[in-house]
Amino acid sequence: MNTGFTLDWSFAIEALPFLLKGMKYTVLIAIVGILIGFIIGIVVGLGRLSKSKILFSLSTVYVEIIRGTPIMVQALYIYFALPLMLGIKIDPLVAGVVTIALNAGAYIAEIVRGAVEGVDNGQIEAGRSLGLTKLQTLYRITWPQAFRRMIPPLGNQFIISLKDTSLLTVIGVGELTRQGTIVVSSNFRAVEVYTAVAVLYLVLTLSISIGLRFVERRLHVK
């Protein structure tokens with residue numbers, strides 16, 4: 001069947017500067033979001049390991065709520081519902097970063113919990129027998145080993161969070177996917193423009209994967 005459709009990659013080339021502008025926001029949101037999410041993940045992950053029922057319960061509720069709801073709903077809630085309840089206005093970019101940070105934080109918390117629990121108890125007990133406090137044992141013995149275990153899953157979470165930024169188009173964040181949609185709405189060249197969008201995402205994720213493998217080799221992560 002002849003649809004009369006022909007590829008014209010000049011449309012993708014013309015759109016490239018506009019797409020790269022969106023790509024910049026995609027990278028910015030992913031990096032800032034994952035860094036804040038990492039801090040949240042450490043706090044919540046240690047809360048999940050805490051013997052305090054209050055800390056454990058609060059951490060568990062947070063993790064279950066975030067993991068049990070779609071990230072798109074979380075973005076819509078933060079951008080539309082929270083301002084109504086708090087009487088404030090939230091910039092789409094800020095809402096996007098907060099969404100990625102809160103979402104990544106819940107998953108990183110489980111990565112932290114699993115990595116800390118994977119450290120041999122014998123080494124922790126040896127540290128305590130040497131007179132180290134709980135905090136010193138965590139800082140000097142548990143955390144260095146646990147962090148090495150975290151590197152591969154943290155890299156995967158970074159890739160997931162980066163791709164999740166595409167869902168922020170629903171709240172008007174000018175990231176890569178939204179920029180592509182804006183271009184397509186003006187020239188109707190969906191095949192060429194969305195192919196360019198996909199290639200740019202692939203460049204980002206492959207770069208992260210290569211960088212992650214390099215770090216794993218340098219740190220001898222198995």
* Asked: Is there side-chain contact between I182 and F18, with at least one heavy-atom pair below 4.5 Å?
  -> yes
* Asked: CG of D8 to CD1 of I13: how many Å apart, nearest 0.5 Å?
  -> 8.5 Å
* Asked: Rounded to the nearest 0.5 Å, how far apart are NZ of K24 and CD of Q179?
  -> 10.0 Å
* Residues in salt bridge (Lys or Arg N to Asp or Glu O under 4.0 Å) contact with E64, at least two apart in sequence or another chain -> R67
Name each donor-acceptor pair under 3.5 Å that joins a side chain in residues 82-106 to protein atoms two or more places apart or in another chain, with its distance.
unit_1 : atom_1 : unit_2 : atom_2 : d
D91    : OD2    : L93    : N      : 2.8
T99    : OG1    : A95    : O      : 2.7
N103   : ND2    : Q74    : OE1    : 3.1

* Heavy-atom pair with the smallest gap, counting every atom of I108 and G41 -> CG2-CA, 3.9 Å
* Going from CZ on F56 to CG on L46, what distance comes out if it is rounded to the nearest 0.5 angstrom? -> 13.5 Å
* Which heavy atom of T181 sits nearest a heavy atom of Y194, and at what distance? -> OG1-OH, 3.1 Å
* Asked: About how many Å separate CD1 of I210 and CZ of F214, when rounded to the nearest 0.5 Å?
  -> 12.0 Å
* Do we see a donor-acceptor contact under 3.5 Å between the side chains of S161 and Y107? -> no
* **pair L200-L20: side-chain heavy atoms closer than 4.5 Å** => yes
* Rounded to the nearest 0.5 Å, how far does CD1 of I171 lie from OH of Y77? -> 15.0 Å
* **Side-chain heavy atoms of T165 within contact of Y25, under 4.5 Å** => no
* Asked: Taking the side chain from T169 and the backbone from S166, do they hold a donor-acceptor pair closer than 3.5 Å?
  -> no
* To do: Please name the pair of heavy atoms, one in F80 and one in V170, separated by the smallest distance, quoted to 0.1 Å.
  => CE1-O, 4.4 Å
* To do: For S10 and E14, test the side chains for any donor-to-acceptor distance below 3.5 angstrom and give the result as yes or no.
  => no
* Hey, is the main chain of R148 close enough, under 3.5 Å, to the side chain of Q145 for a donor-acceptor pair? -> no
* Y201 and T26: CA distance, side-chain angles, deciding distance, side chain to side chain contact (heavy atoms under 4.5 Å, CB included) verdict -> CA-CA 9 Å; Y201 274 115; T26 292; 4.2 Å; yes
* Set of residues satisfying side chain to side chain contact (heavy atoms under 4.5 Å, CB included) with respect to A12, sequence neighbours excluded -> W9, E192, A196
* Spell out, yes or no, whether I111 and I34 are grouped together once hydrophobic residues are joined by side-chain heavy atoms under 4.5 Å, including indirect joins. => yes
* If we only count heavy atoms from C-beta on, is the V112 to W143 side-chain gap below 4.5 Å? -> yes
* Asked: Closest approach of N156 and L212, non-hydrogen atoms and distance?
  -> N-CD2, 4.5 Å
* **Within-4.5 Å side-chain heavy-atom neighbours: R178 and V173** => no
* **Same apolar cluster: L167 and L176, side chain cutoff 4.5 Å** => no
* What distance separates M23 CE from E175 CD, expressed to the nearest 0.5 Å? -> 12.5 Å
* Asked: Would you call L202 and T205 a side-chain contact if the rule is heavy atoms closer than 4.5 Å?
  -> yes
* Are V27 and V203 grouped together when hydrophobic residues (ILVMFWY) are joined by side-chain heavy atoms under 4.5 angstrom apart? -> no
* To do: Determine the minimum heavy-atom distance between G45 and R113, stating which atoms define it.
  => O-CB, 4.3 Å
* Which atom names give the shortest non-hydrogen contact between R149 and P153, and what distance separates them? -> O-CD, 3.4 Å
* Is V44 linked to I78 within one hydrophobic cluster, defined over Ile, Leu, Val, Met, Phe, Trp and Tyr using a side-chain heavy-atom separation of less than 4.5 Å? -> yes
* Asked: Are I65 and L55 in one and the same hydrophobic cluster, where Ile, Leu, Val, Met, Phe, Trp and Tyr link if side-chain heavy atoms are under 4.5 Å apart?
  -> no
